[in-house]
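Presented below is the structure to which this report refers.
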Number of protein chains: 2
Amino acid sequence: MTKKRKTYHHGDLKPALIAAGLELLEETGLEALSLRAIAARVGVSHTAPKNHFDGLRGLLTAIAAEGFRRHAAEMRRGVEGEPPGTARLHAACDGYLRFALAHPELFRLMFSKALCNHDDPELQAASWASYEVLRGIASGLDWDKADAPGAPWRTEWMLWSMVHGYAMLLIEGQIARAEDGGPPFAASNLMPGFGYREGGTATDPLRSSSDAGPRSAPRRPS
Amino acid sequence: MTKKRKTYHHGDLKPALIAAGLELLEETGLEALSLRAIAARVGVSHTAPKNHFDGLRGLLTAIAAEGFRRHAAEMRRGVEGEPPGTARLHAACDGYLRFALAHPELFRLMFSKALCNHDDPELQAASWASYEVLRGIASGLDWDKADAPGAPWRTEWMLWSMVHGYAMLLIEGQIARAEDGGPPFAASNLMPGFGYREGGTATDPLRSSSDAGPRSAPRRPS
DNA sequence: CCTTTCATATTTCCAATGTAAATTTTTCTG
DNA sequence: CAGAAAAATTTACATTGGAAATATGAAAGG
């Protein structure tokens, strides 16, 4: 029983604003995503969002949270059909990359501390759920030397850094894309020779979200 | 014989604006870096920069170019004292990271396609010179399988992606920093076990800038 | 059915920003 | 010294996000 009320003044304005923002993001880009433009698309005044979000920053934060949900879904979709092991590693990374290249403006927003509020609980939850997919994949990688300090964080962050950096450099035009708009090397091809240690199996990324959060080395600052 | 003219109307306004922008960037951050604020710090009207730069975007582009020069210098400084091989790899990556964490706002500006003009020749030159340092380091890495397709680009981009992604995730607060503000793992520690192949020596990164640019696989889109 | 109450949305206003046009001031050139 | 060119200012304008006061419509209570 959520507080959903239909046929109010203007219907459910809150989700309507998020949807309009996502559409405008694809059409006009991040820089043109103004509070007034989003409100105008829904058909309300530019101060109407004030009742549902904490200013423009609050609205952008909600949009980013939805972005992280879709981002995680894109990775899971690729992972689902693959058997555990290297195939899933590649599928998850390719999904990470596919989402970033298909929705570059949304992707930039999601990872911009300047534009959205990382302290927002909803954004944190969505962001963490997305990270959990990669997290499950990383466990069992043969780069995960148990004797190296900082495991398993080091391995997770190394994998994450590589695929995230590759996505960012492609989006920002630092690395040229292929003719079809895709990456010049698939994520699965970017790191040949990197797989899982013999006999090791990765944690099922589709179940790993039930794990507890980080302990000694929190992903985010306190 | 550059066109430098001293004691003009207000001295050399062009470099003064760049310097003021760099200062404001450190003090107030990227979002507060307005054309009017920079002009006010120099003591001129907010339309004065128009004579030297193509609007705010042009000024930000010039600031980013200076950022890339300092970025390259920071990496070279670390590399200089180290013998060729793994030590230089680590030194270059640590320099990359050190600059990003010390000047996060400038670093974000440098890699933002939305804020600066990547087609500007000066920015391109500075950006490429910075890339050349990593480029020299990457050649000879043992991940550089000669039989893998796309060499040497694949190897360079893999190294670049990892260190750049790590820097970005740290700057944006996705990965928590250590107590001293530094990374939880040094770049040299993030990737243990990755070194140069036996007997192989890396190209001297301090000389590699004399190499020609890319041919078949350009770094930037055409 | 009517009135009160409150969340919702609008209207109006304001400060800040980037840009353009016209004007003034300074420097260079012949 | 005079005209031309460069540099900087003044003025004006369209947009933006936000604040404050006001209006609107739905829910609740009599």
Side-chain angles (χ1 to χ4, degrees), chain A residues 1-21 24-25 27-64 105 109 112-117 120, chain B residues 1-21 24-25 27-64 105 109 112-117 120:
Chain A
M1 283 300 175
T2 58
K3 280 186 184 177
K4 276 189 181 176
R5 301 168 180 184
K6 288 263 176 180
T7 64
Y8 224 122
H9 242 161
H10 259 93
D12 295 273
L13 184 55
K14 186 168 180 176
L17 287 169
I18 296 175
L24 272 172
L25 207 44
E27 298 171 9
T28 64
L30 183 52
E31 324 311 316
L33 193 65
S34 71
L35 197 55
R36 294 173 116 100
I38 299 176
R41 168 172 282 243
V42 178
V44 296
S45 71
H46 77 282
T47 53
K50 188 83 179 289
N51 294 306
H52 303 277
F53 301 99
D54 186 16
L56 173 63
R57 190 180 175 79
L59 178 49
L60 293 182
T61 300
I63 294 173
E105 304 290 320
L109 169 63
S112 169
K113 192 171 67 176
L115 293 178
C116 50
N117 178 18
D120 180 75
Chain B
M1 282 295 179
T2 58
K3 280 187 183 174
K4 275 187 182 174
R5 300 168 181 186
K6 288 261 178 183
T7 63
Y8 228 122
H9 238 163
H10 258 91
D12 294 273
L13 184 55
K14 188 168 180 176
L17 286 170
I18 296 176
L24 272 172
L25 207 44
E27 297 171 10
T28 64
L30 183 52
E31 325 310 316
L33 192 66
S34 71
L35 197 57
R36 293 171 116 101
I38 299 176
R41 166 171 281 244
V42 178
V44 296
S45 72
H46 73 282
T47 52
K50 189 82 180 291
N51 293 307
H52 303 276
F53 302 99
D54 185 16
L56 173 63
R57 190 178 176 81
L59 177 49
L60 293 182
T61 300
I63 293 173
E105 305 289 320
L109 168 63
S112 169
K113 193 171 64 172
L115 294 177
C116 50
N117 178 17
D120 180 75

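Order of the sequence lines sets the chain letters (A, B, ...), proteins ahead of strands, with each chain counted from 1. Please read these numbers as outputs of a predicted model, since none were measured by experiment.
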Over how many whole Å does the gap from [X] atom [atom1] to [N] atom [atom2] extend?
| X | N | atom1 | atom2 | answer |
| --- | --- | --- | --- | --- |
| Glu31(A) | dG18(C) | CD | P | 14 Å |
| Phe53(B) | dA8(D) | CZ | C1' | 15 Å |
| Leu115(B) | dG18(C) | CG | C1' | 14 Å |
| Ile38(B) | dT17(C) | CD1 | P | 11 Å |
| Leu56(B) | dA20(C) | CG | P | 12 Å |
| Lys14(A) | dA9(C) | NZ | C1' | 16 Å |
| Arg36(B) | dC13(D) | CZ | C1' | 11 Å |
| Leu59(A) | dG18(D) | CG | P | 10 Å |

Short side-chain to backbone donor-acceptor contact, Arg41(B) and Leu17(B), under 3.5 Å:
no

CD of Glu105(A) to CG of Leu24(A), rounded to nearest 0.5 Å, is 11.5 Å

Here the gap from Glu27(A) atom CD to Leu33(A) atom CG, rounded to the nearest 0.5 Å, amounts to 10.5 Å

So, does the side chain of [X] form a donor-acceptor pair with the base of [N] at under 3.5 Å?
| X | N | answer |
| --- | --- | --- |
| Thr47(B) | dT10(D) | yes |
| His46(A) | dT11(C) | no |
| Asn51(A) | dA9(C) | yes |

Within less than 4.0 Å of OP1 or OP2 of dA19(D), is there a side-chain N or O belonging to Lys50(A)?
yes

Looking at Ser45(B), I'd like to know whether one of its side-chain N or O atoms comes within less than 4.0 Å of OP1 or OP2 on dA8(D).
no

State which residue, out of Ile18(A), Leu25(A), Val44(A), Leu59(A), fulfils the side-chain contact (heavy atoms from CB on, under 4.5 Å) condition with Ile38(A).
Leu59(A)

